[in-house]
Each structure stands twice: as C-alpha cells, then as structure tokens.
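In each ligand, atom 1 is the first atom listed, and ligand 1 is the first ligand listed. For the single chain, residues carry numbers from 1 onward in sequence order. Here the structure is a predicted model, which means the values were calculated and not measured.
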Amino acid sequence: MLKRITLTQFLVSRQRDKSLINADLRLLIETIARACKGISTRVTKGALADGLGSAATKNVHGEAQKTLDVLSNEILLEANEWGGNLAALASEEMEDPRPIPTHYPRGEYLLLFDPLDGSSNIDVNISVGTIFSVLRCPKTDAGAYCDPSEQAFLQPGRQQVAAGFAVYGPTTLFVITVGDGVYGFTLDRETYSYVLTHPDIKIPEDTQEFAINMSNARRWEPPVKRYIDECLAGSDGPRGKDFNMRWVASMVADVFRVLSRGGIFMYPRDSKLKDGRLRLMYEANPMSFIVEQAGGAATDGTTRILDLQPSALHQRCAVILGSKNEVERVTSYHRK
Ligand code: F6P
C-alpha cells in the first residue's frame with residue numbers, strides 16, 4: 001500500500017526539512033484547513049441543515065449574502081482569532097479588516113479570505129469553495145508590527161507567503177502553495193484528515209480548453225474577443241485546432257480544472273465591468289500565486305497580477321490565468 005502523507009506531515013516537512021515556513025505559519029495553514037472541514041460539513045448538509053437560501057443581508061459589494069456565506073465567514077473568524085499567529089484578518093464578506101482582539105496575542109501574519117467562493121451555486125448543488133491568502137504584517141521603523149489597518153494589507157500579490165483554496169465538490173480538496181510548488185490534498189471522510197493526492201501540480205503549457213462567461217461577449221475588449229473568436233473558429237481558423245469550453249462559475253472549481261488538465265480561465269474587464277469582476281486580494285492574488293507556482297501565468301491583460309499594487313482592500317481586477325502559452329497569446333493581443 002502506498003504511504004499516505006497527511007497535510008500535517010507535509011507541513012512539518014516544509015518547516016523542519018526545508019525551513020520554508022515557521023511554526024506559526026504551519027499552525028495558521030492547519031487552522032484554515034480545519035475550518036474548511038467545518039465548512040465542507042455544512043455545505044454537504046445543504047437543505048438538511050437550513051444551509052440554503054439567502055441570509056437577508058448584503059455584503060460590502062452590495063451582493064445578497066447566502067446563509068452559508070455568513071456561516072463560513074464566522075467559522076473562519078472563530079478558528080483563526082485566538083491562535084497567536086495573526087495580526088489581523090480581512091474577509092471578502094466584511095467591509096473593514098478585523099484586528100485580532102486585544103485579549104489574544106498578536107502574531108506576524110495577515111490573513112485574507114473569500115469564505116465561500118461561487119456561493120450563487122450553493123442552491124443548485126454545484127461546487128463552491130474557500131480561497132485564502134497570507135501576507136506578513138509590515139513592521140515600523142522601530143521594528144514593531146505596524147497597526148494592522150487596511151493599509152497594512154495593501155501589498156502586491158508577489159509578497160504572499162502562502163495561498164490556497166478548498167473545493168467542496170464530489171470530494172473536498174485543499175490546495176496550497178508556500179512558494180515551492182502546488183500540492184493538493186483530499187479530505188478522507190473516514191479518518192477526517194487531508195491526504196496528499198496531487199503532489200507537485202504542473203499546468204500544461206498549451207491547452208485546447210477555455211473558460212469564460214460567454215454571455216458577456218458583446219461587451220468584451222477587442223483582444224479578448226479576438227482570442228475567443230479564434231478558439232471558436234477551431235480547426236477552420238488561425239489556431240488550426242478545435243477548442244472545448246467549460247464554465248462552472250465557481251472560480252475554485254474552474255481553477256482546479258486548469259491545475260488538473262490545463263486551460264485558460266478569463267474574467268476580463270468589459271464595457272460594463274470596467275475593473276473586472278473578481279477581487280484582487282481575495283481571488284486574483286491567491287489564485288495567481290498558485291497558478292504561477294504550478295508553471296502557469298496570470299495577468300490582467302497588460303500587467304502580471306502579482307505585480308499589481310492594490311489601492312483598496314476590496315478592489316476588483318481583470319483576470320486571465322492558466323496555461324502559460326495561451327496567457328502569453330492573450331497578452332500579446334493586448335499589446336497590439
Ligand atoms: O466572484 C465570485 C464568482 O462566483 C467566481 O467564483 C466565479 O468565477 C464568478 O463569480 C462567476 O461569475 P458569473 O456569475 O458572472 O459567471
């Protein structure tokens with residue numbers, strides 16, 4: 001029988017053998033992974049646990065919150081507040097960052113998360129997930145950790161020290177990077193532990209599959225329209241090969257597919273969504289870090305996403321990520 005490597009063993013090896021992470025970061029990732037087990041359990045219960053439907057509240061983006069959006073946010077907050085490894089947390093569902101309460105010790109990291117990505121899919125039983133990103137809390141000139149206000153979070157994505165996501169699908173998967181490749185773990189429902197099932201994920205450089213919401217086609221910018229038109233023309237067009245299309249409308253599921261078998265995922269800006277739709281800090285940055293670590297590329301069309309300097313916690317951006325050569329092709333169309 002193959003030796004099973006659990007998430008804990010994997011993280012200990014990253015800490016002890018490779019000195020890639022310290023004990024605080026290991027504990028933080030384990031705590032997030034544990035919280036994701038709780039969210040997975042609630043998602044799986046669906047209507048049996050009153051988990052479906054709307055919460056009658058709106059989030060900071062003016063979107064109707066689902067019951068499970070609110071619950072998942074609470075699960076992540078509660079799990080992470082007391083560990084002593086964080087200075088503050090920020091959630092896509094909360095307007096302002098939340099500093100760690102003063103009665104708990106504060107640590108060196110900042111955690112950002114989208115507690116339930118793709119939540120409009122919950123009621124129709126399609127995969128959803130959790131995305132997270134970890135940054136270091138900046139220090140003052142005197143060497144102390146600075147006040148973890150919004151400003152402290154506004155760091156370009158290349159400064160992330162860890163990022164990951166969970167997919168609550170037919171199986172629950174937990175995917176992480178700490179900057180040395182991408183690793184995927186499957187939740188074993190019998191032992192309730194995460195087992196390494198997708199070691200060192202690599203995205204093929206070429207692809208014949210694209211993911212985009214085609215209903216926005218009439219509003220796209222010319223470079224995106226050109227790229228998709230060429231894919232649609234298939235073997236009769238300039239690409240000389242047929243393309244397939246997939247759109248789950250849960251970024252976690254679409255990105256996991258790209259990690260598994262290649263592809264390009266796009267949520268471009270358009271004449272209505274002038275800044276794009278996805279959130280830089282909660283979706284684009286962590287996913288771009290993961291995709292780059294798996295050998296892929298991620299851009300907003302002109303700039304590498306990990307180089308974008310954020311100006312607001314909840315800002316949106318265009319996202320084009322996945323197989324390197326295809327992302328490069330879209331970028332070259334933008335240059336022209
Ligand atoms: O940002 C949330 C999200 O659900 C993503 O997970 C997904 O990629 C996108 O929005 C889907 O958008 P649309 O409903 O426009 O297809």
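Residue Leu278 touches ligand 1 through its side chain alone, judged by heavy-atom distances below 4.0 Å.
Shortest contact from atom 11 (C) of ligand 1 to any protein heavy atom: Ala249 O, 3.7 Å. The single protein non-hydrogen atom nearest to atom 12 (O) of ligand 1 is Arg277 NE, 3.2 Å, given as residue, atom name and distance. Summary of contacts: the protein heavy atom closest to atom 15 (O) of ligand 1 is Tyr267 OH, 2.6 Å. The protein heavy-atom contact nearest to atom 6 (O) of ligand 1 is Met251 N, 2.7 Å.
Inclusion of Asn213 in the set of residues having an N or O under 3.5 Å from an N or O of ligand 1 is warranted. Any N or O atom pair closer than 3.5 Å counts here, and Trp247 shares at least one such pair with ligand 1.
Around CD of Gln159, the count of heavy atoms belonging to other residues, nucleotides or ligands within 6.0 Å exceeds 12. For CD of Gln9, the number of neighbouring non-hydrogen atoms (other residues, nucleotides, ligands) closer than 6.0 Å is greater than 12.
Rounding to the nearest 0.5 Å places CG of Leu71 at 10.0 Å from CG of Leu76.
Interface of Asp117 with ligand 1, defined as ligand atoms under 4.0 Å from a residue heavy atom, comprises 2 (C), 5 (C), 6 (O). Every atom of ligand 1 with a heavy atom of Gly118 under 4.0 Å away is listed here by number and element: 4 (O), 6 (O). Within ligand 1, the atoms closer than 4.0 Å to a non-hydrogen atom of Glu283 are 1 (O), 2 (C), numbered from 1 in the order shown.
Between Tyr227 and His334, the ring center distance fails the sub-6.0 Å criterion.
With respect to the salt-bridge test (charged N to carboxylate O, under 4.0 angstrom), the residues Glu328 and Arg335 qualify. Here Asp180 pairs with Arg14 in a salt bridge; the nearest charged N to carboxylate O distance falls below 4.0 Å.
By the 4.0 Å heavy-atom criterion, Ser250 is counted among the residues contacting ligand 1.
Under the 4.5 Å side-chain criterion, counting only non-hydrogen atoms from C-beta, Tyr333 is in contact with Glu230. By the 4.5 Å heavy-atom criterion applied to side chains, Leu259 and Phe165 are counted as neighbours.
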